[in-house]
Amino acid sequence: MEDKLIRLTVNGRDEAVIIQPLATLQDVLRDTLELTAVKSGCGQGGCGSCSVLVDGELRLSCLTLAERAEGAEVTTLEGLNATNAIVPLQQAFVENYAAQCGYCTAGMVMAAKALLDRNPAPSRDEIVEGLSGNLCRCTGFAPIVRAVQQAAQALSDTGEEAS
Amino acid sequence: MAKVRGTGFAAVNYPTGMHLGGDPTQSLIHMTPAGDFVVTMASVDLGQGLRTVLAQIAAETLGVPYESIVVETADTDTGPHCTGTFASRTTHRAGNAVVMAAQEARKAMLEVAGELLEASPEDLETDGDGNIHIKGVAERSVSVGEVAGAAHFGYGKTIAGRGAYLKPPSPMDPETGECDPDSTQAHACTIVEVEVDTETGMVEVLDMKSVYEVGQQVNPDLVKGQIVGGSWMGIGHALYETTAPGYPAIDPAPVDFQNYLQPGASEMPEVTCEVLEYPAESGPYGGKGVGEMVTNGPIPAIVNAINNALDVRITQIPVTPEVILRALDEKRAQAGG
């Protein structure tokens with residue numbers, strides 16, 4: 001197998017990157033494009049810290065072959081902050097102390113965004129389900145669930161999108 | 001076969017730090033030309049909020065705004081010595097070191113301010129908003145920024161402070177065994193209600209209520225974060241997590257998160273906690289440590305609740321469905337004798 005050129009859109013920018021055979025989307029995002037909010041936790045799809053959106057769907061970038069992202073629109077945590085401002089979803093994480101060591105946080109925010117994009121008014125159970133692929137070892141999850149509840153409330157008050 | 005409920009509790013008496021044959025943390029603080037203060041530490045913030053807490057302590061002691069404090073942590077090559085972040089010691093040890101460094105830096109700051117205001121440093125006070133004035137005469141005032149400028153560019157002085165907190169070694173008395181092993185002790189009690197399915201052996205933690213006595217809280221939201229996170233860790237250790245599921249055999253060991261089980265958001269009950277504040281004499285502004293003890297209460301409380309529900313005596317963790325079903329088998333065998 002040979003190196004290959006793929007084109008994709010990342011956080012609104014058209015990118016052309018040369019990938020090695022079997023490179024993952026995580027490799028492209030972290031190593032080639034230096035989008036290091038995409039964390040590398042377990043590399044096996046078990047922790048969710050590498051979560052990104054591919055064409056609006058939540059994906060584990062460590063289990064996604066880069067080739068499969070050809071032509072796709074990819075959003076990482078960095079893509080939420082086009083104007084360098086904290087979006088309401090992130091603000092809710094801040095206000096609810098929903099991060100301690102912070103390693104899971106980027107993936108959690110992306111999972112929460114994916115949830116709120118398809119279900120702007122989720123129940124608590126739906127939030128728990130929406131975050132079920134993401135592990136946190138510090139917070140005990142309760143502050144994260146509260147942050148997503150607050151973000152959903154804020155979004156319904158303002159009629160904005162999650163980010 | 002049924003779902004049965006039980007209640008259990010556990011109490012914790014938890015030492016803040018150890019003497020370790022002498023346990024130091026040191027701190028250096030210096031003022032920048034802009035009038036900010038940099039607190040340099042080798043201590044590590046694991047996410048518990050140490051940098052926030054140290055910035056609060058530095059601001060309080062210096063008498064300047066919290067926003068003007070920059071805390072640099074974790075470079076053990078170049079930073080002043082810290083034994084490490086463990087044993088719930090860091091708020092206490094590093095906090096005390098920061099108080100000492102900030103007191104010395106405040107003295108240097110007030111000396112320069114005294115020269116600018118033509119007053120004795122002892123007659124000056126800070127307002128906490130970035131100004132220094134003569135006691136009782138608010139209009140005779142300079143800003144901390146003006147003091148920084150004058151120190152750097154007018155007088156050629158540093159405004160800095162050193163702090164060295166040491167928990168001294170405490171050898172054990174060979175006759176009595178007596179020694180002074182820690183700096184202060186925090187206390188807690190946790191009460192848990194569980195529901196156990198006697199057919200599947202699955203346990204659900206329905207409710208967890210705790211009371212903590214952690215000295216003066218430096219930052220109540222961070223304390224609560226530790227308690228809630230520790231409650232979750234306690235559930236994990238009590239019911240799921242082990243690196244040796246076939247102990248005493250160590251193989252097969254779990255090598256991924258599909259096999260190393262831990263609770264998720266859906267296994268987390270509502271955690272209620274009350275915090276009592278009895279300031280510690282030795283602590284920075286009365287603070288004790290809260291980091292590690294938050295896991296210690298929930299684990300035995302959950303096991304006790306399971307034992308209460310089933311009228312058995314399980315003494316191992318994690319209490320997996322297999323452990324529960326074996327305990328029930330044994331109980332039935334004994335009853336049927």
Side-chain angles (χ1 to χ4, degrees), chain A residues 39-51 60 62-63 91-109 111-112 114-115 122-152, chain B residues 44-53 73-74 85 190 204-205 207-210 217 219-238 240-241 254-273 290-292 294-295 297-298:
Chain A
K39 297 303 175 202
S40 179
C42 66
Q44 300 176 317
C47 75
S49 68
C50 67
S51 300
L60 296 165
C62 77
L63 293 188
Q91 185 63 32
F93 270 66
V94 171
E95 289 176 8
N96 287 280
Y97 287 69
Q100 284 189 31
C101 87
Y103 207 82
C104 75
T105 310
M108 284 287 182
V109 171
L115 170 68
S123 67
R124 191 184 185 283
D125 285 349
E126 287 169 333
I127 293 171
V128 166
E129 174 68 26
L131 302 178
S132 62
N134 295 64
L135 299 182
C136 170
R137 288 294 282 177
C138 303
T139 64
F141 292 95
I144 297 173
V145 171
R146 266 201 306 279
V148 180
Q149 286 174 316
Q150 181 184 315
Chain B
V44 175
D45 190 334
L46 304 172
Q48 79 278 39
L50 179 67
R51 291 200 300 174
T52 304
V53 162
T73 55
T85 299
T190 297
E204 186 179 356
V205 179
D207 190 31
M208 188 180 292
K209 291 187 168 67
S210 297
Q217 300 181 87
N219 186 313
D221 282 320
L222 291 178
V223 168
K224 192 175 179 204
Q226 292 295 293
I227 293 171
V228 175
S231 302
W232 173 85
M233 288 179 209
I235 295 171
H237 288 301
Y240 303 96
E241 297 182 38
V255 293
D256 54 41
F257 291 127
Q258 278 76 34
N259 291 299
Y260 185 88
L261 297 181
Q262 52 193 307
S266 56
E267 280 79 42
M268 195 60 190
E270 191 63 34
V271 171
T272 313
C273 60
V290 67
E292 274 186 47
V294 291
T295 305

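Chain identifiers are assigned alphabetically (A, B, ...) following the order of the sequence lines, protein sequences preceding nucleic acid strands; residue numbering begins at 1 within each chain.
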Heavy-atom proximity to chain A below 4.5 Å, by part of B:Ser266: both
Among A:Cys136, A:Pro143, A:Ala142, who wins on heavy-atom pairs under 4.5 Å with chain B? A:Cys136
Hey, does A:Tyr97 have a side-chain heavy atom less than 4.5 Å from the side chain of B:Val228? no
Non-hydrogen atoms of B:Glu241 and A:Arg137 that approach each other most closely: OE1-NH2, 2.9 Å
Measuring from atom CG of B:Leu222 to atom CD of A:Gln100, what distance do you get when rounded to the nearest 0.5 angstrom? 8.0 Å
Set out, in order, the CA-CA distance, both residues' side-chain angles and the distance that settles salt bridge (Lys or Arg N to Asp or Glu O under 4.0 Å) for B:Glu270 and A:Arg124, then state yes or no. CA-CA 12 Å; B:Glu270 191 63 34; A:Arg124 191 184 185 283; 5.4 Å; no
Taking A:Gln44 for its side chain and B:Asp256 for its backbone only, find out whether a donor-acceptor pair lies under 3.5 Å. no
Best-contacting candidate, B:Asp221, B:Val271, B:Ile235, against chain A by heavy atom pairs under 4.5 angstrom: B:Asp221
Tell me whether the count of non-hydrogen atoms from other residues, nucleotides or ligands lying under 6.0 Å of NZ in A:Lys39 goes above 12. yes
Engaged part of A:Thr139 at the chain B interface, taking heavy atoms whose separation is under 4.5 Å: backbone
Of the listed residues (A:Leu135, A:Ile144, A:Asn134), which shares the most heavy-atom pairs with chain B below a 4.5 Å separation? A:Leu135
Would the number of heavy atoms belonging to other residues, nucleotides or ligands and lying under 6.0 Å from CD of A:Glu129 be above 12? no
Heavy-atom pairs under 4.5 Å with chain A, option from B:Gln262, B:Met268, B:Gln226, B:Gln258 with the top count: B:Gln262
Shortest non-hydrogen contact between A:Gly140 and B:Trp232, atoms and distance: CA-CB, 3.3 Å
Part of B:Val294 lying under 4.5 Å from any heavy atom of chain A: neither
